[in-house]
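What follows is a set of notes on a single structure, which appears directly below.
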Amino acid sequence: MTRVYYKEAVGACVVFDVTRASTFEAVTKWKNDLDSKVQLPDGSPVPVVLLANKSDLPKEGLVNNTSQMDEFCKEKGFAGWYETSAKENINIDEAARFLVTKILEKDKAIRLGEEERENDRLVLDSDEMKAKEKKKNCC
């Protein structure tokens with residue numbers, strides 16, 4: 001996708017079809033594309049949730065093994081994953097809530113980091129410096 005689709009994104013969902021293994025094979029490409037084109041203000045990647053859609057139908061491939069899916073998500077930098085069904089409305093709200101929580105956590109961490117950097121800056125006031133110099137030279 002072109003960068004304009006990602007402009008100002010703060011989170012994303014990557015969706016694949018559990019009934020078609022070929023769509024899972026594209027997940028890594030989509031995640032890499034996303035990471036290369038959009039970052040948060042601190043330079044970190046946006047939180048991304050992987051959605052294994054059509055979970056109401058028979059599954060193919062890795063999605064049948066929860067621990068392998070967990071490991072895959074960890075390796076590829078996904079915030080987490082959910083088996084979903086848009087048709088049956090399974091885990092849609094839960095996945096969205098999870099993503100929003102991750103977005104808010106990232107935002108809070110970035111703001112705290114900015115505040116820490118602000119506190120680390122030394123602000124010199126010329127009148128204050130002159131008063132300190134006078135005290136230093138005195139007695």
Side-chain angles (χ1 to χ4, degrees):
M1 278 201 217
T2 62
R3 195 173 303 274
V4 72
Y5 290 111
Y6 300 126
K7 189 174 181 176
E8 297 187 36
V10 293
C13 293
V14 171
V15 183
F16 72 97
D17 180 342
V18 299
T19 67
R20 293 177 41 222
S22 62
T23 62
F24 181 74
E25 293 165 9
V27 163
T28 301
K29 183 184 98 170
W30 297 331
K31 176 71 164 77
N32 291 339
D33 185 58
L34 181 64
D35 289 347
S36 72
K37 292 179 179 169
V38 64
Q39 293 85 33
L40 295 173
D42 68 350
S44 65
V46 297
V48 181
V49 175
L50 181 60
L51 303 180
N53 197 40
K54 297 189 181 179
S55 65
D56 54 308
L57 300 174
K59 301 170 190 113
E60 288 183 11
L62 191 64
V63 76
N64 287 313
N65 188 321
T66 302
S67 61
Q68 284 185 331
M69 281 297 292
D70 291 341
E71 188 60 32
F72 173 84
C73 287
K74 186 177 179 181
E75 286 175 14
K76 303 299 180 186
F78 286 95
W81 73 283
Y82 284 83
E83 288 188 62
T84 62
S85 170
K87 180 181 177 184
E88 301 292 331
N89 194 24
I90 297 170
N91 280 338
I92 303 296
D93 291 340
E94 293 81 357
R97 259 192 234 81
F98 177 80
L99 180 58
V100 169
T101 299
K102 292 298 178 185
I103 291 168
L104 293 174
E105 286 172 1
K106 281 278 200 174
D107 182 62
K108 184 177 180 180
I110 290 169
R111 282 188 283 115
L112 287 174
E114 288 171 356
E115 286 176 17
E116 285 177 11
R117 284 191 294 280
E118 283 293 321
N119 292 337
D120 288 345
R121 291 190 183 127
L122 181 60
V123 179
L124 301 177
D125 178 60
S126 61
D127 292 335
E128 188 177 317
M129 287 301 293
K130 288 176 188 173
K132 285 181 181 179
E133 282 298 315
K134 282 184 184 178
K135 286 182 183 178
K136 202 187 294 183
N137 294 333
C138 178
C139 309

Partners passing side-chain contact (heavy atoms from CB on, under 4.5 Å) against Lys29 (at least two apart in sequence or in another chain): none
Distance-only donor-acceptor pairs under 3.5 Å for side chains of residues 73-80, two or more places apart:
none

Of all pairs that satisfy salt bridge (Lys or Arg N to Asp or Glu O under 4.0 Å), the ones with a partner from residues 5-14, not counting sequence neighbours: none
If every non-hydrogen atom of Asp33 is compared with every non-hydrogen atom of Lys37, which pair is closest and at what distance? OD1-NZ, 2.8 Å
Results of side chain to side chain donor-acceptor pair (under 3.5 Å) for Asp35 - residues two or more places apart only: Lys31
Carefully, step by step, assess Asp107 and Val10 under the rule side-chain contact (heavy atoms from CB on, under 4.5 Å). CA-CA 9 Å; Asp107 182 62; Val10 293; over 6 Å; no
Is there a donor-acceptor contact under 3.5 Å from the side chain of Gln68 to the main chain of Leu62? no
How many angstroms lie between CG in Asp42 and CZ in Arg111, if you round to the nearest 0.5 Å? 12.5 Å
Please tabulate, one pair per line, all N/O donor-acceptor pairs under 3.5 Å involving side-chain atoms of residues 48-56, not counting sequence neighbours.
{"residue": "Asn53", "atom": "OD1", "partner": "Thr84", "partner atom": "OG1", "Å": "3.1"}
{"residue": "Asn53", "atom": "OD1", "partner": "Ala86", "partner atom": "N", "Å": "3.1"}
{"residue": "Lys54", "atom": "NZ", "partner": "Asp17", "partner atom": "OD2", "Å": "3.1"}
{"residue": "Ser55", "atom": "OG", "partner": "Thr84", "partner atom": "O", "Å": "3.0"}
{"residue": "Asp56", "atom": "OD1", "partner": "Ser85", "partner atom": "OG", "Å": "2.9"}

All heavy atoms of Trp81 vs all of Asp70, minimum pair found to be NE1-OD1, 2.7 Å
Heavy-atom pair of closest approach, residues Glu60 and Asn64: C-ND2, 4.0 Å
Hey, does Lys106 have a side-chain heavy atom less than 4.5 Å from the side chain of Ser44? yes
side-chain contact (heavy atoms from CB on, under 4.5 Å) between Val18 and Leu57: does it pass, once the steps are laid out? CA-CA 8 Å; Val18 299; Leu57 300 174; 5.5 Å; no
Is there side-chain contact between Val4 and Tyr6, with heavy atoms separated by less than 4.5 Å? no
Check: residues 88-105 side-chain donor-acceptor pairs under 3.5 Å, at least two apart:
{"residue": "Asn91", "atom": "ND2", "partner": "Glu83", "partner atom": "O", "Å": "2.8"}
{"residue": "Arg97", "atom": "NH1", "partner": "Asp93", "partner atom": "O", "Å": "3.3"}
{"residue": "Thr101", "atom": "OG1", "partner": "Arg97", "partner atom": "O", "Å": "2.9"}

